[in-house]
Participant: 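So that we are looking at the same thing, I have put the structure below in structure tokens.
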Amino acid sequence: MKKILIIISLLLTSACGFKPMFSGTDTDIYVSPISGINGIDLRNALWARFGGQREPGATYTLNVKLNEPVTQYKALERTGDATWQEISLTASYALLHGDEQIASGSERAAESYTFVRYLVASNASYNNAVQNAIRVLAEKISARAIAETYKHSHKNAGAGK
């Protein structure tokens with residue numbers, strides 16, 4: 001049933017002239033180095049979203065500053081021991097076309113994880129939560145960057161007519 005609904009929606013949208021922003025093309029966005037281990041992971045996730053690594057001479061440049069993770073307790077036992085925590089990551093970014101800044105903003109992603117007494121399990125749970133938050137940040141930032149580059153390139157294409 002789900003497949004039938006997808007096929008019907010594709011048929012309906014193709015008839016109306018709908019075209020995805022970057023159908024079949026990669027974006028030409030260079031992601032500047034992001035400091036820290038989490039920054040390396042975020043940069044790799046952004047590259048994956050943009051269709052691969054680009055050289056510094058790309059059409060657009062994305063500069064990202066990733067803040068250190070913030071952890072807060074979400075659940076406590078009666079003894080005062082923490083059992084549930086939340087990790088949040090915040091990144092600010094600027095998208096440039098040459099020297100012109102065409103977009104900027106800040107995104108936040110949070111992920112909860114179980115905090116147990118066993119150190120190895122707690123570390124694994126924490127690391128998984130950080131990786132999940134990085135993936136969410138990459139999705140948010142890349143969606144905004146792709147939309148802005150699409151808007152910018154079509155604005156410029158329209159001005160050249």
Participant: Look up atom NE2 in His97 and atom CD1 in Ile102, then write down how far apart they are to the nearest 0.5 Å.
Facilitator: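 Output value for this atom pair is 7.0 Å.
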
Participant: Applying the 4.5 Å side-chain criterion to the ILVMFWY set and letting contacts propagate, would Tyr126 and Val136 be lumped into a single cluster?
Facilitator: no

Participant: Determine the minimum heavy-atom distance between Thr61 and Ser32, stating which atoms define it.
Facilitator: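 Closest pair (atom of Thr61, atom of Ser32, distance): CG2-OG, 3.6 Å.
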
Participant: With rounding to the nearest 0.5 angstrom, report the CG to CG distance, Asn128 to Asn123.
Facilitator: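 Interatomic distance, Asn128 CG to Asn123 CG, rounded to 0.5 Å: 11.0 Å.
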
Participant: Students often mix this up, so state it plainly: with edges at 30° and 60°, are the rings of His152 and Tyr60 parallel, tilted or perpendicular?
Facilitator: perpendicular

Participant: Which heavy atom in Leu66 sits nearest to a heavy atom in Ile34, and how many Å separate them?
Facilitator: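 Heavy-atom minimum between the residues: CB-CG2, 3.9 Å.
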
Participant: Grab the two heavy atoms, one from Ser125 and one from Tyr113, that are nearest each other, plus how far apart they are.
Facilitator: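 That would be OG-CB, 3.3 Å.
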
Participant: Ion pair present between Lys65 and Glu107, side-chain N to carboxylate O less than 4.0 angstrom?
Facilitator: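 Result for this pair is no, no salt bridge flagged.
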
Participant: Looking only at heavy atoms, which two atoms of Ala129 and Ser112 are closest? And how far apart?
Facilitator: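 That closest heavy-atom pairing would be CB-O, 4.4 Å.
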
Participant: For Ala145 and Ile29, which heavy atoms make the closest approach, and how far apart are they?
Facilitator: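 Nearest pair, atom of Ala145 first, then Ile29: CB-CD1, 4.2 Å.
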
Participant: Rounded to the nearest 0.5 Å, how far does CG of Asn132 lie from CG of Leu137?
Facilitator: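 One finds 11.5 Å between CG of Leu137 and CG of Asn132.
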
Participant: If only side-chain N and O atoms count, and only distance matters, is there a donor-acceptor pair under 3.5 Å linking Glu139 with Ser142?
Facilitator: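 The answer is no; no qualifying pair exists.
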
Participant: Please determine whether residues Trp47 and Ile141 belong to a single hydrophobic cluster, defined as Ile, Leu, Val, Met, Phe, Trp and Tyr linked transitively by side-chain heavy-atom distances below 4.5 Å.
Facilitator: yes

Participant: With rounding to the nearest 0.5 Å, note down the distance linking CD in Glu111 to CZ in Arg135.
Facilitator: 8.5 Å

Participant: So, Arg43 side chain and Val31 main chain: donor-acceptor pair closer than 3.5 Å or not?
Facilitator: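 Present.
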
Participant: Would you sort out whether Leu62 and Phe50 count as a side-chain contact (heavy atoms from CB on, under 4.5 Å), showing the intermediate values?
Facilitator: CA-CA 11 Å; Leu62 181 66; Phe50 295 146; 3.9 Å; yes

Participant: Using the side-chain contact (heavy atoms from CB on, under 4.5 Å) rule, take Val130 and Asn38 through it: C-alpha gap first, then chi angles, then the decisive distance, then the call.
Facilitator: CA-CA 8 Å; Val130 169; Asn38 294 332; 3.5 Å; yes

Participant: Side-chain donor-acceptor pairs under 3.5 Å in residues 87-95, sequence neighbours left out?
Facilitator:
from: Tyr93; atom 1: OH; to: Arg144; atom 2: NH1; distance (Å): 3.1

Participant: Using side-chain contact (heavy atoms from CB on, under 4.5 Å), reason through Asp28 and Arg54 one step at a time and then give a plain yes or no.
Facilitator: CA-CA 7 Å; Asp28 193 23; Arg54 300 291 186 265; 3.6 Å; yes

Participant: Can you get from Leu46 to Tyr30 by hopping between Ile, Leu, Val, Met, Phe, Trp and Tyr side chains that sit under 4.5 Å apart?
Facilitator: no

Participant: Using every non-hydrogen atom in the two residues, find where Ala103 and Glu148 come nearest and quote the distance to one decimal.
Facilitator: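 Answer, listing the atom of Ala103 first, then Glu148: CB-CG, 3.5 Å.
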
